[in-house]
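Data first, discussion second: the structure below is written as structure tokens.
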Amino acid sequence: MSSRDIMLATIRHAISRPAPDGLPAVPPPGDLPAYRRRLDATGPEIVDRFLERLRDYNVHVEVLDSEAAVIAAATARLAALGLDRLVIPADLPAAWRPAGVTLVEDQALDHQTLNAIPGALTGAALAIAETGSIVLDGGRHQGRRALTLLPDYHLCVVFAGQLVGLVPEAMDQLGRHPARPITFFSGPSATADIELDRVVGVHGPRTLDVLFVTGPTQPREF
Amino acid sequence: MSNATFTSRAAKSLRNSQLRRNINKATTTIRGKTARVTAELPDWEALRLAGREIKRSTLAELDKHLIALEESVTRAGGTVHWARDAAEAREIVVRLTKAHNTDQVIKIKSMTTDEIELNPALEGAGIRPYETDLADMIVQMGREKPSHLLVPAIHKNRVEIRDLFRDQMGSHGEGLSDRPTDLTKAARAYLRDKFLETRVAISGANFAVAETGSVVVVESEGNGRMCLTLPDVLISIMGIEKVLPRWQDLEVFLQLLPRAATGERMNPYTSIWTGTVPGDGPREFHLVLLDNGRSKILADEVSRETLHCIRCSRCLNVCPVYERAGGHAYDSMYQGPIGAIVTPQLKGLEEAGSLPYASSLCGACHEVCPVKINIPQILVHLRGKVVESKRETALGKLSGENMAMQVASRLFNNQQALEWSLWAGRLGQKLLTRDGVMPWLPPPLSGWTLSRDFPALPEQSFRDWWKQRENGK
Ligand code: SF4
């Protein structure tokens with residue numbers, strides 16, 4: 001017998017015993033207590049909550065009223081930070097590409113090369129207001145995971161139309177393509193491992209900036 | 001391990017005031033944060049119930065879900081391995097690593113790899129494992145054991161950590177100060193080299209979805225993302241109880257875990273991956289399913305729900321015994337209330353039979369557990385088993401204790417009965433107490449006091465005090 005067969009046989013033996021008196025029976029799947037699957041709030045309230053969460057995380061956010069404002073905002077922000085080189089996914093829209101910086105399209109760059117580039121500019125799959133999370137799934141305008149992991153700076157464009165209220169709403173959408181590699185980020189990486197002093201920025205980008213576009217929005221399908 | 005060993009290890013910790021101060025600070029901070037972010041969700045209670053029911057129904061058909069997981073992971077390009085025990089899991093990981101002709105691996109925090117004592121096995125095979133979680137790295141450099149589930153290096157101060165880094169980080173440790181920001185920066189640079197040069201990574205898993213084959217790692221530092229993304233080969237080890245049937249189940253646990261663990265609305269980074277994806281991440285993915293005593297726990301109807309645990313460590317942070325004794329006293333990577341029930345069941349009562357006594361049965365752990373594990377009930381159940389096995393050798397000697405435990409076991413089946421009996425006990429004991437200790441008890445509890453003094457119940461139970469304290473906030 002293989003280990004697999006032995007383990008399965010042992011498990012079957014273990015669970016074949018009846019539940020003892022007083023313990024509730026196993027409920028059929030789907031019959032779960034009613035937790036919230038949607039945030040009961042208006043659009044502006046959801047936006048406000050998201051922005052408040054980002055500020056809690058000390059994320060620099062700029063709210064733009066249209067996609068047309070992305071280039072100017074990105075250009076100004078990068079200039080202020082003194083960043084002159086960014087890696088971008090090959091499908092990043094021309095309408096987001098800032099001026100005055102070198103943009104390196106990711107055509108299967110090796111890790112060392114990515115590691116030497118100071119910043120990345122991408123879009124997102126969606127964002128969650130309740131938790132202040134931005135989620136990437138390698139879909140449109142996001143690139144592969146290493147692209148937003150090795151550079152020390154990440155500038156992320158998020159549209160109000162990509163914002164959901166609660167985690168279950170996000171999982172519903174992500175569940176359309178569950179096989180994609182998914183990363184949630186919610187605030188900067190952090191550690192309190194040394195005497196419980198909170199230190200921000202351990203691995204991954206130490207700075208996350210968000211351009212949040214409220215106006216006419218890019219299509220939501222992903 | 002005998003009863004005396006938990007006590008003697010705990011006594012040693014109690015003398016170490018730095019450790020006590022640190023743990024106190026840790027638990028107070030985390031307690032406040034978790035209380036705040038769990039209270040702010042109007043459906044926190046419903047999420048807990050949902051979490052418990054998902055775990056309960058999953059375990060009831062565990063074989064089915066594991067087979068489904070194997071199928072979906074395989075379909076997505078991964079390979080599934082089955083490990084009955086620690087030795088088999090070690091053998092699998094060492095073999096897979098060696099097949100890639102490498103002499104080092106990077107690791108992301110995983111209690112499962114500690115449980116199977118993987119590092120010595122790798123070292124024995126000439127493979128150097130690098131822990132990449134900051135605290136685990138510190139513990140590894142100091143050649144020690146972790147002292148806390150979530151903050152494993154809490155027993156080390158900054159000067160000690162600086163000395164370790166200066167010693168062991170080569171150029172990254174030169175001239176290093178003891179400021180936590182500088183120490184963290186040095187670790188970032190040192191580990192970045194490791195992340196880029198190492199071809200095999202080993203991780204644990206917080207959850208795995210049978211329906212899709214997706215595996216989830218929840219973390220704070222980003223070393224997880226590095227390990228899961230950069231190497232060519234990823235080997236993840238998970239206890240068989242971590243499987244969830246459906247994708248949708250994640251939405252419950254991704255809310256429960258961060259809020260209960262670190263008191264955050266969401267942890268900084270969560271990674272979900274499914275098999276392998278061309279052009280993104282490892283080219284080879286292995287998932288090791290580990291039993292190592294879990295099916296034995298599954299077979300015990302009372303303690304089965306031990307396997308619901310999502311390792312948030314919230315029960316540690318509210319445990320008055322843990323707060324005083326410290327993590328090292330549990331002599332295991334599983335500590336505090338959950339350790340007191342997991343370790344004896346994994347290691348056996350002969351070896352860890354004192355741990356079920358490492359509790360005052362105050363019930364605070366049960367009250368806060370995000371998946372509502374009735375830890376006091378399981379402790380009492382395990383104590384009964386310890387007594388039973390003792391009685392087989394020293395016939396009838398402890399029958400009073402045995403009976404007391406059976407009484408308590410009945411009481412703990414029901415929350416209200418417990419509260420009532422503690423209240424009744426506090427009133428009743430006024431008649432019996434001498435110098436704060438009850439020298440004798442009415443039968444059937446009297447047999448128990450022959451071997452030890454029963455500490456007087458405090459005027460206000462921990463639970464009452466806790467409720468009052470949290471409400472007062
Ligand atoms: S027993 Fe409950 S509270 Fe303790 S670590 Fe496990 S899930 Fe968390």
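Lettering of chains follows the sequences in order, A, B, ..., and the numbering in each one begins at 1. All values below come from the heavy atoms of this structure, side chains included, with hydrogens, waters and symmetry mates left out.
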Heavy-atom pair count under 4.5 Å with chain A, highest-scoring of [options]:
| options | value |
| --- | --- |
| B:T212, B:L196, B:L62, B:V216 | B:L196 |
| B:S295, B:P268, B:G281, B:G222 | B:P268 |
| B:G213, B:A76, B:A187, B:S220 | B:S220 |
| B:L134, B:L49, B:D249 | B:L134 |
| B:L66, B:L228, B:T184, B:I54 | B:T184 |
| B:R158, B:Q248, B:K296 | B:R158 |

Original post:
Between A:R36 and B:D43, is the closest basic N to carboxylate O distance under 4.0 Å?
Top reply: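 The answer is yes: the pair qualifies as a salt bridge.
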Subject >> Salt-bridge criterion met for A:R49 and A:E52 (N-O under 4.0 Å) >> reply: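 Salt bridge flag = no for A:E52 with A:R49.
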Given heavy-atom pairs under 4.5 angstrom as the criterion, report whether the side chain, backbone, both or neither of [X] touches chain A.
| X | result |
| --- | --- |
| B:S214 | side chain |
| B:E219 | neither |
| B:I161 | side chain |
| B:K185 | side chain |
| B:E45 | neither |
| B:R294 | neither |
| B:E211 | neither |
| B:R179 | neither |
| B:Q255 | side chain |
| B:S72 | neither |
| B:L59 | backbone |

So which part of [X] gets closer than 4.5 Å to some heavy atom of chain B, the side chain, the backbone, both or neither?
| X | result |
| --- | --- |
| A:L136 | neither |
| A:V199 | side chain |
| A:T183 | both |
| A:E169 | neither |
| A:I6 | side chain |
| A:A108 | neither |

Original post:
Taking the inter-plane angle between the rings of A:H203 and B:F195 on a 0 to 90° scale, is it parallel (under 30°), tilted (30 to 60°) or perpendicular (over 60°)?
Top reply: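 Correct class here is perpendicular.
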**OP:** Could you tell me how the ring of A:F185 sits relative to the ring of B:Y269: parallel (under 30°), tilted (30 to 60°) or perpendicular (over 60°)?
**Re:**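 A:F185 vs B:Y269 ring planes: perpendicular.
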**OP:** May I have the step-by-step check of side-chain contact (heavy atoms from CB on, under 4.5 Å) for A:R180 and B:W273, ending in yes or no?
**Re:** CA-CA 7 Å; A:R180 290 183 181 172; B:W273 73 97; over 6 Å; no
**OP:** Step through the shown structure and confirm whether more than 12 heavy atoms of other residues, nucleotides or ligands are within 6.0 Å of CG on A:D110.
**Re:**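 Result for CG/A:D110: enclosed.
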Original post:
Counting heavy-atom pairs under 4.5 Å to chain B, which of A:D56, A:V135, A:D152 comes out on top?
Top reply: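 Winner by heavy-atom pair count: A:D152.
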**OP:** Name the option with the most non-hydrogen atom pairs under 4.5 Å to chain B; the candidates are A:H111, A:M171, A:R145.
**Re:**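 Top count of heavy-atom pairs under 4.5 Å with chain B: A:R145.
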Subject >> Polar contact flag, side-chain donor to acceptor under 3.5 angstrom, B:E221-A:S189 >> reply: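 On atom types as modelled, these side chains do not qualify, holding no pair under 3.5 Å.
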